[in-house]
Q: 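Got a structure here, written out as structure tokens. Questions coming.
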Number of protein chains: 2
Amino acid sequence: MLQTALKHHAAVKHKPTDNQLLNALSVEVQQRLLPHLELVPMPLGKVLYESGDVLRYEYFPTDCIVSLLYVMENGSSAEISVVGYDGLIGVALFMGGESTTSRALVQSAGFAYRLLGQRMKDEFNRHGELLHLMLRYSQALITQMAQTAVCNRHHSIEQQLCRWLLLSLDRLKGNHLVMTQELIANMLGVRREGVTEAAGRLHKQGVIDYSRGHITVTNREKLEALSCECYAVVKAETDRLLPACNNKPAPPKAPVTN
Amino acid sequence: MLQTALKHHAAVKHKPTDNQLLNALSVEVQQRLLPHLELVPMPLGKVLYESGDVLRYEYFPTDCIVSLLYVMENGSSAEISVVGYDGLIGVALFMGGESTTSRALVQSAGFAYRLLGQRMKDEFNRHGELLHLMLRYSQALITQMAQTAVCNRHHSIEQQLCRWLLLSLDRLKGNHLVMTQELIANMLGVRREGVTEAAGRLHKQGVIDYSRGHITVTNREKLEALSCECYAVVKAETDRLLPACNNKPAPPKAPVTN
DNA sequence: TGTTTTATGTGCGCTAACGCACAGAGTTAA
DNA sequence: TTAACTCTGTGCGTTAGCGCACATAAAACA
């Protein structure tokens, strides 16, 4: 009852076009969506979804703010981005990933319209296989970016170097890399000397060999152990989103190509 | 001639399906794309595009690595993500943004297949308005994430607090915010005391007033001046990608809804 | 061959941010 | 009015990373 009263009260001052995305749609599409949009309160601290949850709704804020943040294994966190009336929460739904590695938390109370994800997907599902594959890849890329942000905030140069080596090696299918410490420093956004020191420590521990622009990983297991969680998170999410790329003929459960 | 020899040599050992995304497509779609895929060398250090460039091609690496990195005004940089045979360079093209705020740099030499962007867009352009709007929004969100990563690496707590306040206020259409320093610290991934000190300094400079969970911006201009470039970058890119959201009837040049 | 260039190693002082501890000050509830 | 709780202010020792300067070593070149 309170709920209903609330909604009624809110309804008089909220309308879907308060959200910029809904407002940007043609009247035709707006009309099609309108019956499926439901105004819901967004109280401070509400968690729209946790890392790994399968999303059910798209949320279009009218006057609330929602933070996307990544929560680390030790509990500390970092905001990855912030969404208000300018956007929506739940890109993973139409991207095809169904879930993300982040948490969505209401940071400033207000209202939002929500739309059943299936409705949004119906709009998209007529479309091509290429599109859906590209969207899933984009989500994997987004995950990598988000994790980079987290890593920059919380982890040591040595940990980041480990992550970086692993990500690079995965893309070279080997254990050898042609790359100077100077360039790595540029990539990580740190001092060259910092990379030198970290590389020296890794060498002492028997994890890598290197000399003038060449790096060889001699103990990959240990490298993974010394890396922060960021590598594993990105790897797992990428594998989840794009699993069938090596054995395409029999794509597993997740409908990658559709 | 050298070029041709190179291609010939490469052609015998490279095939489009060396790229995971191309490999994941159905044979039917692969056949359709095949005539338009061109194998090109990717020498170390080659810049595929600079921040702001209009992209012309999608690149599908077979055995090279490409870094996406953001270059700051002072010239220092941070890698945002890394792409190899697992992905493609140029999501901004099919996302609809045409350009990004990052630079794409070949970090490990090799080859890639490229595809004229228009070809990819043709595949998508039959599809709906809703789709295209969502894709553009996703690109704006990606920009925000990328900038968060850069900001975490290079800027002081005070600068980040300024950025954060501005991003939040833009979504509240006001100059007042209900938020404790503790929560802000969680968002930024820093100590609460760090936020206290930064807020104190901002107050001394007459930029903000605050008390127990309330913050009011008294001098927005100065706040913007004290913020790092990250706020302006995100704002400009968001405005570019989603410009017509307020005055929809006459959408400007950039075809937001199409 | 010797000379230049480029990559790596190391030391040193400096600073921003951290972790911790605790003191006020405002707010809520008994 | 007290008491409990929450938010903010402040101090202090520690540390990771920075900026700079310079030494050494390997590769490229003339």
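Per chain, numbering begins at 1; letters A, B, ... match sequence-line order.
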Q: Apply side-chain contact (heavy atoms from CB on, under 4.5 Å) to A/T180 and list each qualifying residue two or more places apart in sequence or on a separate chain.
A: A/E182, A/L183
Q: Nearest heavy atom decides the nucleotide; on that basis, is A/E158 or B/M179 closer to the 5' end of DNA chain D?
A: B/M179
Q: So does B/R56 have more than 12 non-hydrogen atoms from other groups sitting under 6.0 Å from CZ?
A: no
Q: Got a sec, which residues hit side chain to side chain donor-acceptor pair (under 3.5 Å) with B/Q205, two or more places apart in sequence or on another chain?
A: none
Q: To the nearest Å, give me how far apart CD (A/Q181) and P (D/dT24) are.
A: 19 Å
Q: Do A/Q147 and A/Y70 have side-chain heavy atoms sitting under 4.5 Å apart?
A: yes
Q: With a 4.5 Å heavy-atom cut-off, do B/N152 and A/V150 have their side chains touching?
A: no
Q: Under the side chain to side chain donor-acceptor pair (under 3.5 Å) rule, collect the residues that match up with A/T100, sequence neighbours excluded.
A: A/S102
Q: What are the residues of residues 195-216 of chain B, sorted by number, that bring a heavy atom to within less than 4.0 Å of DNA chain C?
A: B/R212
Q: Would you mind reporting whether A/D63 and A/F111 have side-chain heavy atoms less than 4.5 Å apart?
A: yes
Q: A quick test of your reading: do over 12 heavy atoms of other residues, nucleotides or ligands sit less than 6.0 Å from NE2 of A/H176?
A: yes
Q: Listing time: all N or O pairs from protein to nucleotides 19-23 of chain D that are below 3.5 Å?
A:
residue	atom	partner	partner atom	Å
D/dG19	N7	A/R191	NH1	2.6
D/dG19	O6	A/R191	NH1	3.0
D/dC20	N4	A/E193	OE2	2.8

Q: Find out whether A/I89 and A/E58 are in side-chain contact, i.e. whether some heavy atom of one side chain is under 4.5 Å from a heavy atom of the other.
A: no
Q: Specify the separation, in whole Å, of atom NE2 of A/H155 and atom P of D/dG17.
A: 12 Å
Q: For a 4.0 angstrom threshold against heavy atoms of chain A, report the outermost contacting nucleotides of DNA chain C in 5' to 3' order.
A: C/dT6 to C/dT10
Q: Rounded to the nearest 0.5 Å, what's the gap from SG on A/C64 to CG on A/L48? Could you check?
A: 7.5 Å
